[in-house]
Each structure stands twice: as structure tokens, then as C-alpha cells.
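Numbers restart at 1 for each chain; the letters A, B, ... are given by sequence-line order, proteins then strands.
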Amino acid sequence: MITLYYFAGLREAAGKAQEDADLAGRTVAELTAWVSGKYPHLPLDGVRVAVNEEYALQEDVLQEGDTAALIPPVSGG
Amino acid sequence: MITLYYFAGLREAAGKAQEDADLAGRTVAELTAWVSGKYPHLPLDGVRVAVNEEYALQEDVLQEGDTAALIPPVSGG
Amino acid sequence: MKPYEIVTEPIDPQRYADYVLRPEAGAVTLFTGHVREWTRGIRTLFLAYEAYVPMAEKMLARIGGEIEEKWPGTKTAIAHRIGELQIGEIAVVIAVSSPHRRDAYEANEYAIERIKESVPVWKKEIWEDGTEWIGDQRKKPETEPAPE
Amino acid sequence: MKPYEIVTEPIDPQRYADYVLRPEAGAVTLFTGHVREWTRGIRTLFLAYEAYVPMAEKMLARIGGEIEEKWPGTKTAIAHRIGELQIGEIAVVIAVSSPHRRDAYEANEYAIERIKESVPVWKKEIWEDGTEWIGDQRKKPETEPAPE
């Protein structure tokens, strides 16, 4: 099981801030596809994925207990 | 008569902060020559002249009542 | 105070400037980004920031590390505020000290550029025309950011 | 407080930052130049500044005018302290606000460069090795300024 976080516009569109997902052993690309399948209306354009608070590559593999976050385009500063 | 100011190292070398000089009608270049003649030990390298608190050109002519200042290389900031 | 932090209370920029000052520092640059009322004729009524706090603090610290590597001898502190902010209030502060001024300017500007591209902080704005918008501030209105 | 001034008391930089802040400003850059203890291994014991005060204030105001012309929408305040200063104390403060950050950085750096070339302020330093020196700080020690 991994914990998945949604932020900003993605949280509002998904209607939740986090959920658990059975994605251990899957890649980051597969995680994105899973989210997109579950929430087809989510604006995933330009969204990056962070795993354990670090930006991850598409081919990185999720481990049991990881936290993953969908990071929409940032707008701090 | 004009009033002539000496600053920083020039003041220390001249031993005075200001003096009156009979230089009305003379150019800035002539003023510098006058100072150099009176205080041969003054380090005039890189010194600019301000007239009435504005940097002046060598050919500018001094008027009665002007204040002129010898401005050694600045080192503020 | 931590040198790289996400805060919820108003930012006192002087604390960050004081933190980076050292006897060998000749220059301190302090950048503050403020909530701007007007952007291309559209008035901002309300603004709130949110962050992925632990990751954002980690990224701020990493930016500080990049700066100390690129500009040896500099010292940096950065804070970003989240929550609801009023017009004129400080959203972000960046303090950099260095022996020489050029580095302090360059490193400070580098920090804000890096924050804007990589730190997980999001702004939510409500405009006077009623539209609401979240995300990359460069998209609305037109090509100009609001606020800094 | 005047926006362009020569002062004899310790400088509170926040006053100048506050002065330039306006609702349309998204960015404020604040530069402070401090008395540095160590320069290339030589220790500064004592430092004093003097100025041709009325001309110096006039030149600071002119630099502010140049900035507002080159970077429209910016607002600037500058102060330089004279008299005896201790290590770490602020000799000069430059505050610039602008709608966008790029201008605030550029204009601020422009101000310090212009101050260093044109404003009639002079520094007198006594070094640990006993030598005293007045004038263009780039000449000693070697090619490096001390302090900023």
C-alpha cells in the first residue's frame, strides 16, 4: 500500500487530500495512469510526482509504505 | 571670491577643510592648477571638481560666490 | 526560527537578515515578495497559499545548499508563508549574505527563480471579477505573474 | 526620514523597505552594505565615513531618479551613514520596490554601482597592521573592496 497526496487544484478536483492505493511495485508512470483512470476529470497536465518528498522519474518503482504526491505546477514566491 | 572645500585625504594633506580663493572668472582646470601650485604635495590624481554640488567640466568657468569642492576618488557603499 | 521554513504567521524579514549576517559578510540582500493588489487592471481580493510542507522545507534547504556551492562564502535563509494573506503582506523572504555584493545579488535572484520552479507551494487567488484560479500564476491574467 | 539621505545614527533598514512598499509592488529588494572585519586576511579595527553631505544627498536623489526612469514603476530609497562604524554595522541601505522582481534586483544593483562611482562619500580605515588609508577602496588590500 502507498499513500497518495493530492494538492491544490488536484485536491479540489479529486475531492480528497489523500488516499491509500495498492500501487507498491508499480512505476510512477503507472501511478499517474491509475489516477487518470480513477479521476478522468483531473487536470494532470504539467503535474509532477514526488515520492517520499523528492521529485521522481517516470520509471521509478514505488515501494510498500511510500508516500507519493501529485504536484501540480507550483506557484509560490 | 569662491569657497573651496577639501575632503578626506585632501583635507588632511592640505591641513584645512576650506578656504576662500580669488578664482572667479577662472576655469575649473585653472582652479586645479592653482591648488596644485599652492599645495604641491596634494595627491590630485583622480580628483574631480564639483562646483555648487555638481561635478564640473575642466572648461567650466567659476562665478563669484561659487562653492567648489575637490572630490578625491569616492569610496562609499 | 529555522533557516529554511514554511510559516503560517506574518514574516519579519529582519530576523532572516540578522540570521545570515556574519563578521566576514560585507553585503546582505533581502528579497521580499508581497501580495499585490493590482495586476494588469484586475484587482486581487483574496489570496491564500498552501504547501506540501515537509517537501517544501526540504526543497528550500536544497536551494540554500546549491547557493552555498555555487557562491562559496554566502549564507542563506528562506521562508515562505502559507494561509490567507492580505494585500502588501510578505509571502516569501530570501536573505543572502556574502563577502562581496555581486554574489549576494546573484544568489538571491537564483533562489527566487528556483523557488518558483520547484518548491511545492500553490497560490489561490480570487479576483474582483469573481473568477478563482489556482496554479501557475503565469497563465492569468495573460503572461504576467501576480504577485511576485 | 528622507528617501535619500546621509545619516549619522545607526540605520534601521526596515524603515526604507516600508517606505518603498505600495499596493502595486510585488517585490522589494533591500541591500545593506556592512562593515566587514576581515579582508584578505587583514583585520579592520576601525572605520569611519565622511561625506560632502549636501552634494551626496543630491547625488543619491539623482540615482533614484535615474532608476525610476530606467525601470518605470519602481520606487527607491537610499541612505548612507557617516561617522565611526563598528564591525557588522550598516554603512549603506538601498530599498527598491517594483511590480515585478527582475526590476527590483536590477535597479538595486544599479544603485550600489552608481553610489560607488559617483557619490562623494569617503571611507577611512585603520588596519590591524597599523596602516591607515583613505580613498578608493579598490586599491588596498590588492584589488578587493572592503567592506561592501
For this session: With a 4.5 Å cut-off on heavy-atom pairs, point out which of D/V28, D/I90, D/I87 contacts chain C the most.
Result: D/V28

Exercise. How close do C/E24 and D/R36 get, heavy atom to heavy atom, and via which atoms?
Worked result: O-CD, 3.1 Å

Problem set entry | Interface moiety of C/N108 toward chain D, non-hydrogen atoms closer than 4.5 Å | both

Problem set entry | Carboxylate-amine/guanidinium contact D/R102 C/E109, below 4.0 Å | yes

Exercise. Which residue out of D/L21, D/D12, D/T29 racks up the most heavy-atom pairs below 4.5 Å with chain C?
Worked result: D/L21

Exercise. Which of the residues C/S97, C/P23, C/A95 is involved in the greatest number of heavy-atom pairs with chain D at under 4.5 angstrom?
Worked result: C/P23

For this session: Could you check if a side-chain atom of C/R22 sits within less than 4.5 angstrom of a side-chain atom of D/H34, using non-hydrogen atoms only?
Result: no

